[in-house]
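Have a look at the structure below, then the notes.
Per chain, numbering begins at 1; letters A, B, ... match sequence-line order.
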Amino acid sequence: MNLLNQIKEKVRKAFVDCGLSAENTLVRLSDRPDISDYQSNGALPLAKSMRQNPRALAEQIAEKLRLDLFFETVSVDGPGFINMKIANEVLGKNLFPILADKKCGYERPDTSKTIVMDYGGPNVAKALHVGHLRPAIIGESIKRICRFVGDKVIGDVHLGDWGKPMGLLITELQDRNPALPYFDPNFTGEYPQNAPFTGKDLETMYPIASQHAKEDEAFAARAHENTKLLQDGHRGYRALWKHFISLSVADIRKLYDELGVSFDLWRGESHVHERLWKMIERLRANGTLIKDQGAEIIPLGKSKNGNDLPPVIMVKSDGGVMYAATDIATIEERVEEFHPDAILYVVDARQGLHFEQVFLASQKIGIAKNVSLEHLGFGTINGTDNKPYKTRSGGVPTLRYLIDTAKEAALKKMESGEMGRDLTPDEKASISQIVGVSALKFADLINERIKNYVFDEDKLTSTEGKTGPYLLYAMVRMKSVLEKMNEPATLLAGDTVQITTPAERQLLLRLYALPDSVQTAYDNRTPHVIADYLFKLAQDFNLFYHDCPIKDADKETQQSRLLLTKYTLHVAETVADLLGLQVPEKM
RNA sequence: GUUCCCGUAGCUCAGAUGGAUAGAGCACAGGAUUCCUAAUCCUGGGGCCGUGGGUUCGACUCCCGCCGGGAACGCCA
């Protein structure tokens, strides 16, 4: 049993021994580390309901707890807080049974769930940009946290491959290269295996096509028509479209790989095309769909707050479909195929209304009966002017640009000072990639998901303080110490840590506290809680490193400190993995 | 206009289910290295938690109003 649960159990027993209800013992990490490690506030509400003096009640409970040698001290302070300080021997002895396993003492209070996660949302033929950073990074971390606590998670990239952009591209290509067989209505042969363009071509072509549509009505109308033809199965367009997808997916996958973000499914909106039309037929037949202004809609009435909701448009007046419809069909597919307890959408918070509509419509048509649908929105990345982040030259920063900028900053840092002077150029290149990407990811993960945050390019390239490189540096130090002392990283039963300084005690307590952070992060789907834990762990380690010499310590102290370093590394690596951060061997 | 989100130190941000003296990082001022990596550590100043009410023994936290910032609102995704 982990430390918090052991204390909870002891306090619960003390409440019961006093003849009190142990329903709400309110045991948690102490707010006052100067006087205690853990506290129980349970006596306060209890005293209120029993109309008793809270301090006297707390004192009764404390008296029971003092009998246990587990605690160094138990005191009653303020209006009736019970403050508990754990005995040093307890902290030093329980490392192996609690922290040595893969879960570092995490114990799940409920049963395992099956979860489908939707956290990518890249678009075919469009370069990944700053807007794709948060869903990828946050989604990946939430996925890892869910898996860590024991959920079965299926991650789906949910590619944008079915809408108007496809029609725009087809039309642009038609104008540029009308002789291609895809545009020849009389062509009956096999279309070429290889695309007559590259992924880069697509990326440059799309913004031009988009601009054409804005300036030229005829072009826009043709693009519209071509989108419809593609969706209806136009043979040549489908062949062309397959080229779009295979080229884009290759590029997209490469970038996600660099970010350490992966998906189990690479499906797109198009994947549910046939299912969607069957669904539409069914809804027409049972009278759910209503004709309105030429479109076919699902009216939603009022939301839970009593305000009118716009309807979901299942079929547009031109007979085509859009993303609300494909999202609904996708829910049906996911429910049928995976029977999930929950479907999580890590998507921009500005899509809030869209998801409210989609979720409500899905419930209304009966396809989401036993599944919790959650939109985990995130805020936008703003520049220092508090407007959506742009590069210094004013463009939308691509993911490539962000990664490269971060990488260069890491490299520059390595070459400027004393750091990494014995590294080869190859090592520097691979290390700066790891450090740069971690800097980028951590700068995002440390912020609370729902809030907009200000992204300063200086922050991205900074390596001091609350940054990715700070964490990595601490972890590299742990590895370095063990290596220099020829100490294997394996953990053994029976080893104990002796606490001789406050730094060691603080670090130990931090190690034991991981499960609590994991639980909070899991319950609220907030990776920043984990990111914050890792930062504090790194701080605690750096203090320990500074205050507690290892090499020159006596044999016994040295062993104890090496052991503490090993456990810290074990926990830190586990946590870094939850955030999706890679850690270099040296830096 | 309606609805949603946000407002905490000079700046960027933490403060889960209401609890004690509201914490970090940056910036600023000073200090530490013959010793395991100074991408480090220590010390210091800095706050009517937007504002006015309410609920409570107790509110940064919950409720209502106001102010300020951002966003969404039928055929784009």
Using the [atom1] atoms only, state how far [M] lies from [N], rounded to an integer number of Å.
N: B:C60; M: B:G7; atom1: C1'; result: 11 Å
N: B:G70; M: B:G30; atom1: P; result: 39 Å
N: B:G15; M: B:G47; atom1: C1'; result: 14 Å
N: B:U40; M: B:A27; atom1: P; result: 10 Å
N: B:G44; M: B:C48; atom1: C1'; result: 24 Å
N: B:G69; M: B:C28; atom1: P; result: 31 Å
N: B:C41; M: B:C62; atom1: P; result: 34 Å
N: B:C49; M: B:U34; atom1: C1'; result: 48 Å

Between [N] ([atom2]) and [X] ([atom1]): distance, integer Å:
X: A:F442; N: B:A24; atom1: CZ; atom2: P; result: 16 Å
X: A:L230; N: B:C76; atom1: CG; atom2: C1'; result: 16 Å
X: A:L472; N: B:U40; atom1: CG; atom2: P; result: 12 Å
X: A:K466; N: B:C26; atom1: NZ; atom2: P; result: 10 Å
X: A:L353; N: B:G70; atom1: CG; atom2: C1'; result: 17 Å
X: A:K164; N: B:A77; atom1: NZ; atom2: P; result: 8 Å
X: A:H546; N: B:U43; atom1: NE2; atom2: P; result: 11 Å
X: A:L26; N: B:G58; atom1: CG; atom2: C1'; result: 14 Å

Pick base, sugar-phosphate or nothing for [X], based on heavy-atom distances below 4.0 Å to the nucleic acid.
X: A:D161; result: nothing
X: A:R51; result: nothing
X: A:N542; result: sugar-phosphate
X: A:D547; result: nothing
X: A:E269; result: sugar-phosphate
X: A:G160; result: nothing
X: A:D34; result: base
X: A:V312; result: nothing
X: A:G465; result: sugar-phosphate
X: A:Q293; result: base

Discussion item. Determine whether a donor-acceptor pair (one donor, one acceptor, N or O, separation below 3.5 Å) exists between the side chain of A:Q39 and the base of B:A20.
Written reply: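 Yes.
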
Discussion item. For B:G74, does the base pair up with any side-chain atom of A:D292 as donor and acceptor (N or O, under 3.5 Å, distance only)?
Written reply: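 Indeed, a donor on one side and an acceptor on the other fall under 3.5 Å apart.
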
According to a strict under-4.0 Å criterion, is [X] in side-chain N/O contact with OP1 or OP2 of [N]?
X: A:H528; N: B:G15; answer: yes
X: A:Q539; N: B:C41; answer: no
X: A:K536; N: B:G23; answer: no
X: A:Y470; N: B:C41; answer: yes

Is there a Watson-Crick or G-U wobble partner for [N] with both distances under 3.5 Å, and which nucleotide is it?
N: B:G58; result: none
N: B:C35; result: none
N: B:A29; result: B:U43
N: B:U12; result: B:A24
N: B:C4; result: B:G70
N: B:C48; result: none

For the pair [X] and [Y], find out whether any cationic side-chain nitrogen is under 4.0 Å from an anionic carboxylate oxygen.
X: A:E464; Y: A:K413; value: yes
X: A:D540; Y: A:K536; value: no
X: A:R505; Y: A:D37; value: yes

Discussion item. Any donor-acceptor pair under 3.5 Å linking the side-chain atoms of A:E504 with those of A:T500?
Written reply: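 Side-chain D/A pair, A:T500 to A:E504: present.
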
Fill in: Flag for A:Y470-A:N542: side-chain donor and acceptor within less than 3.5 Å
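Their side chains do contain a donor-acceptor pair, which is all the 3.5 Å distance test asks for.
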
Picking from [options], which would you name as closest to the side chain of [X]?
X: A:T520; options: B:C42, B:A16, B:G19; result: B:A16
X: A:L543; options: B:C35, B:C41, B:C13; result: B:C41
X: A:N524; options: B:A16, B:G25, B:C76; result: B:A16
X: A:I35; options: B:A20, B:A24, B:C6; result: B:A20
X: A:K551; options: B:A16, B:U40, B:C35; result: B:C35
X: A:F81; options: B:A20, B:U17, B:C73; result: B:A20
X: A:R477; options: B:G74, B:C76, B:A38; result: B:A38
X: A:H224; options: B:C13, B:C76, B:A77; result: B:C76
X: A:E464; options: B:C26, B:C73, B:C41; result: B:C26
X: A:K48; options: B:C57, B:A20, B:A16; result: B:C57

Worksheet item: How about A:E457: does its CD atom have over 12 heavy atoms from other parts shown lying under 6.0 Å from it?
Response: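 Atom CD in A:E457 is crowded, with more than 12 foreign heavy atoms closer than 6.0 Å.
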
Item to complete: Check whether more than 12 heavy atoms from other residues, nucleotides or ligands sit under 6.0 Å from atom CD of A:E215, and answer yes or no.
Response: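 Enclosed.
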
Practice prompt. Would you kindly compare A:A295 and A:F535 by the position of their nearest RNA chain B nucleotide and give the one closer to the 5′ end?
Written response: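 Closest to the 5' end, via its nearest nucleotide, is A:F535.
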
Item to complete: Nearest-nucleotide wise, let me know which of A:E296 and A:V435 is further upstream toward the 5' end of RNA chain B.
Response: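 Here A:V435 is the residue nearer the 5' end.
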
Worksheet item: Given A:H375, which of A:F355, A:Y345, A:Y119 fulfils the ring pair (Phe, Tyr, Trp, His ring centres under 6.0 Å) condition?
Response: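 Result: among A:F355, A:Y345, A:Y119, A:F355 is the only option passing the ring pair (Phe, Tyr, Trp, His ring centres under 6.0 Å) with A:H375.
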
Discussion item. Cation-pi check for A:Y545 against A:R477: NZ or CZ below 6.0 Å from the six-membered ring centre and within 45 degrees of the axis, yes or no?
Written reply: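 Checked: cation-pi criterion met.
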
Worksheet item: Does a side-chain heavy-atom distance below 4.5 Å link A:V312 with A:L360?
Response: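 The answer is no; the side chains never approach within 4.5 Å.
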
